[in-house]
Amino acid sequence: MIKVEEAIAIIEANSTKMPTKRIKVNKALGYVLAKKVISPINMPPFRQSAMDGYAFAHSIRHQYDIVGISQAGDHSDIKLKATEAIRIFTGAHVPDHADTVVMQEHVMANNDSILIATMPEKLANVRPIGEQIRKEEMVFEANTLITPAAIGFLACLGITEIEVYKKPKVAILVTGNELVQPGKKLKKGKIFESNSVMLEAALQTIGIKKTKVFRVKDNLKATKKSLKEILKKYDIVLISGGISVGDYDFVKEALLQNDVKELFYKINQKPGKPMFFGKKNETLVFALPGNPASSLTNFYIYVAPAVKNRMGFSEIHKTKVVRKLNSQIKNTTGKTLFLKAKYDETNVTVLDGQSSAMLNTFAVANSLLIVPENIENYVKGQSVTLLPID
Ligand code: AMP
Ligand code: MG
């Protein structure tokens, strides 16, 4: 049995980055850059007005003759004299001899001239060339997540394709004779199967949109056969159930017989102790406990960082938060506890119902409160560490 920190470190050390591919920028949401991006242009590419108003060369004068107009999209070669201004609109090119734009609300204008009532500072309301980025400057470094804003920024620089890490193909193998698909009739002794949809949803929160689900009965031969096919095609394999020490738990045996290298089995924690982590070629295999709350806990603690590592993220661990505890916690187990909890701006409350089989509590929790294995007691009011969950 290993410690939680050791398990996290082993997983991190063994999860390699995916191969890369070129992708259209408009399809790149949620991907992670594999190479830095350099700007092909200055942005803005020309001096731009930031306001609807009048462009002029700043001086002590308040009155200017209007000698032209510059609309967004125009390029004005007009050479302004010291006494002249042009009508200008937001986003329009500011002529070379002008250095300042006064907003239209601050002038009194007639058809031919303006009187500036509130004089702006020199250079006001003119966006300089390259204010956002200069040609040949770095737009994003490698390992940057592509967000909607990043897509917008790349597009405004005229970039249409980028190099990203491929997303890992993830398979979920569900084991258990007792399981029935929701929607079917629930016969005596059976329960509805919930881990696959739960894990699929959890994967979606970190950017894995499509997952393939496989199902087997508690049977060594079937489990082995199914894993053989899955291991050929997928980059990450999550297995639900069958990894404990019961007479009908065949997953570990089936993995070893498929030449999956065992990197650890069992972690000193509650819930979620019976978990296997292994690797075949670059494919990572997580055999998660069948108990739904254990399965999801271990997803957040172990699977999510590994998936993010394979996706190319530089930050694979979620930022933890610290809050004051609303009650006392005793830990007589000698294990690391992950407690379903709810935190607000200042405090955190441990929820009732921490059993590894119970999702009712998990469903209303917004965090896992971490009690390290060497902590026997947390007193009320003490600061504790939480992992926020989506
Ligand atoms: P196992 O790890 O296979 O021994 O399963 C532990 C417990 O979790 C048992 O009560 C199972 O019925 C339950 N369980 C296992 N797999 C699932 C699943 N996919 N959905 C819901 N409950 C499950
Ligand atoms: Mg089972």
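Start at 1 and go down the list; that is how both ligands and their atoms are numbered.
The minimum heavy-atom distance linking T147 with L29 is given by the pair C-CD1, 3.8 Å.
Alongside V371, the hydrophobic cluster contains V321, L325, I329, L337, L339, Y343, V348, V350, L369, I375, Y378, V384, L386 (criterion: ILVMFWY side chains under 4.5 Å). With a 4.5 Å cut-off between side-chain heavy atoms of Ile, Leu, Val, Met, Phe, Trp and Tyr, the cluster of V322 takes in none. Grouping Ile, Leu, Val, Met, Phe, Trp and Tyr by side-chain contacts under 4.5 Å, direct or through others, puts L80 with V67, I78, I86.
Paired with F277 under the rule ring-ring contact (aromatic ring centres under 6.0 Å, His included), one option of F264, Y265, Y302 passes, and it is F264.
Side-chain contact of K224 with Q257: a donor-acceptor pair under 3.5 Å is present, judged by distance alone.
Ordered by chain and residue number, the residues placing a heavy atom less than 4.0 Å from ligand 1 are V174, E178, L179, I191, F192, E193, S194, N195, S240, G241, G242, D249, G290, N291, P292.
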